[in-house]
Number of protein chains: 2
Amino acid sequence: MEAALRPEKPRTRIQQRNRETILEAALDVFSTEGFRGATLDQIAAAAGLSKPNLLYYFPSKDAIYTELLSTLLTRWLDPLHAVDGSGDPIEEILSYVRRKLEHSRDFPRESRLFANEIVQGAPRILDQIEGPLRHMVDDKTALFREWAEAGKIAKVDPYHLIFSIWATTQHYADFSVQVQAILQSYEDSHFADAEAFLMTVFRATLTPAKT
Amino acid sequence: MEAALRPEKPRTRIQQRNRETILEAALDVFSTEGFRGATLDQIAAAAGLSKPNLLYYFPSKDAIYTELLSTLLTRWLDPLHAVDGSGDPIEEILSYVRRKLEHSRDFPRESRLFANEIVQGAPRILDQIEGPLRHMVDDKTALFREWAEAGKIAKVDPYHLIFSIWATTQHYADFSVQVQAILQSYEDSHFADAEAFLMTVFRATLTPAKT
DNA sequence: TGAATTATTGACCAATTGGTCAGGATGAGG
DNA sequence: CCTCATCCTGACCAATTGGTCAATAATTCA
């Protein structure tokens, strides 16, 4: 049973190390070139391995990409999972924004890989989106709606609220070239400003109108 | 002089028609596959022409792509150009948001093509971004800053304001697959909701605090 | 109509790409 | 030290891809 779900675990140290090296290099290449744009030769070069050696550890280019995508998606969803009814609603949502922004700062390649996949029609991840992702969003929007009914946050469309959080936070990873070209900041210095700005925006949006 | 700036204008009717057919088909293909992912065969098939015939009208794959990109960029920037000091500041900015959202609804392929290019590091449009685009943004942020000083809009970072407008509006084109998977709306029906939501967000963000 | 210009194509090419395979190198365990 | 499994590679392959070219078809226009 276990074996059926996770058919292969790396056995030797070498396997462990090389699989990781490959995935790391592949993330670099796939995130800037997209699936079709990336070549095994590029990945092999980036990993410091020969192309046949890549294919000793992974059955195909597709397999590398798919593995990256699936591990990526869980991490992408994690912050949303953490949103629950325990704390102050507005602070809860603002924390989510903050976590997503940190995600963009700390894992920009993952964000770009995901962006590439979605922009191009999500050909190999659509079922994940229509399944788990959609369900979790449905869950959280229900929670947001409760909060709105109870007057704890302003009455805004919860789906579009989530979209706007995704859009504004991911922007700093996905469009970082543009952001840096405009701000002429070559480090991550602008993330602090971005956070301050987004806190203002979402606090203003979510604070209920005075009765 | 004129000729130097626009070295080649389509001469015959056939040229006019076929160049347009090709660009239209190429927009379809490039926007969903990215530059490297797209093939001349795909574009030729989509255009209903033979591959050598494509290359009779355009010198290379690159040339088709570049032509699309440059015409696209001007249209992308147009709405920002239209923002000036003539009207009420908040309404002026909200109009900009509305126009950008309409752009996403009416020209999603252009938006995705642009997104593809930027996500992948803007290899063939970076100078356009560092030049004209950045200058216009610098212009408009200066205007926003004046408005903020004068107390006509809230004091928010004008650069991040613009980023957030781009991010939230383009999201509906670039990530339309995701949006539609979550909302399960297969038409553009959600654009009206998105507009209402974004109007709320930016009005709340820009309305100055009561003194 | 007929000559000149423009449009179109099949056949072809060199380079690239994902992937295979037989055999050799390098470990780990006894 | 020997053996066996793991690891690695050069050489190779078929398919794809951007692009060329000579020859043919269609238009244009006098």
Side-chain angles (χ1 to χ4, degrees), chain A residues 3 6-69 113 116-117 120 123-124, chain B residues 7-69 113 116-117 120 123-124:
Chain A
R6 298 174 153 263
E8 303 168 35
K9 275 223 166 176
R11 279 140 201 157
T12 75
R13 260 158 274 174
I14 298 181
Q15 241 171 74
Q16 183 95 30
R17 176 170 51 82
N18 280 352
R19 280 180 61 95
E20 242 168 70
T21 308
I22 291 168
L23 288 173
E24 170 69 21
L27 178 57
D28 257 11
V29 178
F30 280 133
S31 67
T32 57
E33 307 278 353
F35 177 74
R36 292 218 46 195
T39 74
L40 286 180
D41 292 283
Q42 274 178 292
I43 298 173
L49 298 173
S50 70
K51 185 169 61 169
N53 206 6
L54 280 201
L55 294 164
Y56 173 74
Y57 290 102
F58 290 90
S60 67
K61 180 184 177 184
D62 226 282
I64 305 177
Y65 185 76
T66 304
E67 172 133 351
L68 278 177
L69 258 194
L113 180 57
N116 259 306
E117 172 72 10
Q120 304 192 357
R124 22 198 124 217
Chain B
E8 303 169 35
K9 274 221 167 178
R11 280 139 200 156
T12 74
R13 257 158 277 176
I14 297 181
Q15 243 170 73
Q16 182 96 30
R17 175 171 50 82
N18 280 353
R19 279 180 61 95
E20 243 167 70
T21 307
I22 291 168
L23 287 173
E24 169 70 20
L27 179 57
D28 257 11
V29 177
F30 280 132
S31 67
T32 57
E33 307 277 353
F35 176 74
R36 292 218 46 196
T39 72
L40 286 180
D41 292 281
Q42 275 177 291
I43 298 172
L49 297 173
S50 69
K51 185 169 59 168
N53 207 6
L54 282 201
L55 294 163
Y56 173 74
Y57 289 102
F58 290 90
S60 67
K61 180 185 176 183
D62 225 281
I64 304 176
Y65 185 75
T66 304
E67 173 133 350
L68 278 177
L69 259 194
L113 181 58
N116 258 307
E117 172 72 10
Q120 304 193 355
R124 22 198 122 219

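Within every chain, numbering begins at 1; the chains are lettered A, B, ... in the order of the sequence lines, protein sequences first and strands thereafter.
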So do [Y] and [X] actually touch side chain to side chain, heavy atoms under 4.5 Å?
| X | Y | value |
| --- | --- | --- |
| A/Thr32 | A/Leu113 | no |
| A/Thr39 | B/Arg36 | yes |
| B/Glu20 | B/Glu24 | no |
| B/Glu67 | B/Arg19 | yes |

Determine yes or no for a side-chain-to-main-chain donor-acceptor pair under 3.5 angstrom, with B/Gln15 supplying the side chain and B/Tyr57 the backbone.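 Flag not set: sc B/Gln15 to bb B/Tyr57 has no pair under 3.5 Å.
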Given [options], identify the nucleotide with an atom nearest to the side chain of [X].
| X | options | answer |
| --- | --- | --- |
| A/Asn18 | C/dG10, C/dT8, D/dC8 | D/dC8 |
| A/Thr12 | D/dT17, C/dG19, D/dC7 | D/dC7 |
| B/Tyr56 | D/dT20, C/dT6, D/dT6 | C/dT6 |
| A/Thr39 | C/dT17, D/dT17, D/dA11 | C/dT17 |
| B/Tyr57 | D/dG19, D/dT17, C/dA7 | C/dA7 |
| A/Asn53 | D/dT17, D/dC8, C/dT20 | D/dC8 |

Would you mind reading off the distance between [X] atom [atom1] and [N] atom [atom2], rounded to a whole angstrom?
| X | N | atom1 | atom2 | answer |
| --- | --- | --- | --- | --- |
| B/Gln15 | C/dA7 | CD | C1' | 9 Å |
| B/Asp41 | D/dT17 | CG | C1' | 7 Å |
| A/Lys61 | C/dT20 | NZ | P | 14 Å |
| A/Asp62 | C/dG19 | CG | P | 7 Å |
| A/Tyr65 | C/dT17 | OH | P | 18 Å |
| B/Arg36 | D/dT17 | CZ | C1' | 10 Å |
| A/Ile64 | C/dG18 | CD1 | P | 10 Å |
| B/Leu55 | D/dT17 | CG | C1' | 11 Å |

Value rounded to 0.5 Å, distance of OH in A/Tyr65 from CG in A/Leu27: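 Going from the OH atom of A/Tyr65 to the CG atom of A/Leu27 covers 11.0 Å.
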Is it the case that A/Lys61 places NZ or CZ above or below the six-membered ring of A/Phe30, under 6.0 angstrom from the centre and within 45 degrees of the axis?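 Relative to the ring axis of A/Phe30, which defines the angle, A/Lys61 lies outside at least one limit.
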Out of B/Asp28, B/Leu54, B/Leu49, which one pairs with B/Ile43 under the side chain to side chain contact (heavy atoms under 4.5 Å, CB included) rule?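 Among B/Asp28, B/Leu54, B/Leu49, the one that satisfies the side chain to side chain contact (heavy atoms under 4.5 Å, CB included) with B/Ile43 is B/Leu54.
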Whichever of A/Leu40 and B/Leu49 has its nearest DNA chain C nucleotide further upstream toward 5':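 Looking at the nearest nucleotide for each, B/Leu49 comes out on the 5' side.
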Contact class for B/Ala38 vs. all strands (heavy atom < 4.0 Å): base, sugar-phosphate, or nothing?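 Sugar-phosphate only.
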With heavy atoms under 4.0 Å as the rule, sort A/Arg17 into base, sugar-phosphate or nothing.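 Nothing: the residue A/Arg17, judged by heavy atoms under 4.0 Å, touches no strand.
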Set out, line by line, the N/O atom pairs under 3.5 Å between protein and nucleotides 27-30 of chain C.
none

Using heavy atoms to find the nearest nucleotide of DNA chain D for A/Ser50 and B/Lys51 separately, return the residue whose nucleotide is more 5′.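 Going by which nucleotide is closer to the 5' end, it is A/Ser50.
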